[in-house]
Amino acid sequence: MFGQTLDGQQLFGLISLLTLLAFWILVWRRDRQATRWFREWATRRQAERQAREGGPDGGSGSHGGPWG
């Protein structure tokens, strides 16, 4: 690199570092995807729960009890 020849050990070190960088980029991307999936799942779950309870205000239209 830059006018210097690389021997076997330096070349192996460079390849190892580039491989490690690629590995960590993959891990980081998968972590971001998992975080995004979990947030979407939690939002969807919360919306379903609010729909079951009768609205976003927690069912204030209900007077309580099974007979209203």
Side-chain angles (χ1 to χ4, degrees):
M1 289 181 91
F2 308 117
Q4 178 181 347
T5 59
L6 298 175
D7 64 346
Q9 191 174 12
Q10 290 173 331
L11 191 59
F12 178 75
L14 181 62
I15 291 171
S16 297
L17 285 175
L18 291 175
T19 303
L20 186 62
L21 178 64
F23 172 73
W24 278 114
I25 288 172
L26 288 174
V27 168
W28 177 65
R29 287 181 63 202
R30 288 182 181 173
D31 183 58
R32 286 184 59 205
Q33 289 173 351
T35 302
R36 188 178 306 125
W37 174 85
F38 181 77
R39 286 180 182 161
E40 290 172 1
W41 174 79
T43 303
R44 192 170 50 248
R45 184 172 165 238
Q46 183 179 11
E48 290 172 0
R49 183 182 301 149
Q50 287 177 352
R52 265 188 278 126
E53 292 175 354
D57 55 349
S60 64
S62 172
H63 296 98
W67 297 279

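Keep in mind the model is a prediction, meaning the values are calculated, not measured.
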Report summary line: Grouping ILVMFWY residues whenever side-chain heavy atoms fall under 4.5 Å, the cluster of Ile25 otherwise contains Leu21
Requested in this report: Could you go through the side-chain contact (heavy atoms from CB on, under 4.5 Å) check for Arg32 and Trp28 one step at a time?
Outcome: CA-CA 6 Å; Arg32 286 184 59 205; Trp28 177 65; 3.4 Å; yes
Query raised in the report: If you round to the nearest 0.5 Å, how far is CG of Asp31 from CG of Leu26?
Result: 12.5 Å
Requested in this report: For Phe38, check ring pair (Phe, Tyr, Trp, His ring centres under 6.0 Å) against everything at least two apart and list the hits.
Outcome: Trp41
Report summary line: Joining Ile, Leu, Val, Met, Phe, Trp and Tyr whenever any side-chain heavy atoms lie under 4.5 Å apart, the cluster holding Phe23 also takes in Leu20, Trp24, Val27
**Report entry** Pairwise distance CZ(Arg49) to CD(Gln46) - rounded to 0.5 angstrom
**Finding:** 7.0 Å
Query raised in the report: Linking I/L/V/M/F/W/Y whenever any side-chain heavy atoms sit under 4.5 Å apart, do Leu17 and Leu14 land together?
Result: no
